[in-house]
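Note sheet for the following structure.
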Amino acid sequence: MTDLPAPLAEFCDSMADAIGQFDDTSLLLDAGRQALQRLLLSDDWLPDAMAVAQEGGYQQHLLYLDPVSRFSVVSFVWGPGQGTPIHDHCTWGLIGVLRGLEMSQAYERLPSGALVEVGALIEGRPGAVEAVSPEVGDIHRVWNGLEDTATISIHVYGGDIGSIDRHVFSLDGTVKPFRSGYSSRLQAH
């Protein structure tokens, strides 16, 4: 990991240690949350190429993939007005805001399959970290809360999130499978 920016390399080492230490998802998420909050203390480590908003939609840049795909680290860049549909992850995840304002609304599926909002709207400001998982709640919608500038968040997921089979939901319960892939990958030098 020496080719990664030092703060990112230290974070990835911490995540690898936590995954090796904790079998319990809640303990892993707690340890990961602390490590991600440390990473978010500064924002000068993110390469400029991984922080540029595009007009066509939000960008999902792979920053790091564990050699045996135990976890992935991704920067999300949200231009003004950009966001996701309602979706799930099918794995644990941590979402930390690096720059801007990331809005998130959680959803729950009713027995009928329809979706309803659950919990308060989350306004994630720099340094804030939110957890998702099938155990604690895995369905949400995310968007840039700023009208005039980009928002950047750092996401950490169990596995290679770009290749995990996931789902997009309509409020009526219609489900559509998808794989997110990546907009680009960090090129180590």
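As a basis for the values below, the full set of heavy atoms in this structure was taken, side chains included, without hydrogen atoms, waters or symmetry mates. Predicted model, so just to flag it, every value in this text is computed and none were measured.
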Discussion item. Tell me every residue that passes side chain to side chain contact (heavy atoms under 4.5 Å, CB included) with P126, counting only those two or more places apart in sequence or in another chain.
Written reply: V97
Run the salt bridge (Lys or Arg N to Asp or Glu O under 4.0 Å) test against [X] and tell me which residues pass, sequence neighbours left out.
X   : value
R70 : D66
D48 : none
R99 : D43
R38 : none

Worksheet item: Between the main-chain N or O of V129 and the side-chain N or O of R33, is there a donor-acceptor pair closer than 3.5 Å?
Response: yes
Worksheet item: Is V116 isolated, or which residues cluster with it under the ILVMFWY side-chain rule of less than 4.5 Å, directly or via members?
Response: L110
Could you pull out all residues at least two apart from [X] that satisfy side-chain hydrogen bond (donor to acceptor under 3.5 Å, both in side chains)?
X    : result
D88  : H167
S133 : E135
D23  : none
Y157 : H155

Worksheet entry | Exercise: identify the closest heavy-atom pair between A18 and A31 | CB-CB, 3.9 Å
Item to complete: Hey, could you give me each pair passing side-chain hydrogen bond (donor to acceptor under 3.5 Å, both in side chains) that has a residue in residues 109-126? Not counting sequence neighbours.
Response: E123-R125
Side-chain donor-acceptor distances from residues 51-59 under 3.5 Å, at least two apart:
residue	atom	partner	partner atom	Å
Q59	OE1	S183	OG	3.4
Q59	NE2	G57	O	3.1

Discussion item. Is a donor from one side chain sitting under 3.5 angstrom from an acceptor on the other, for S75 and H61?
Written reply: no
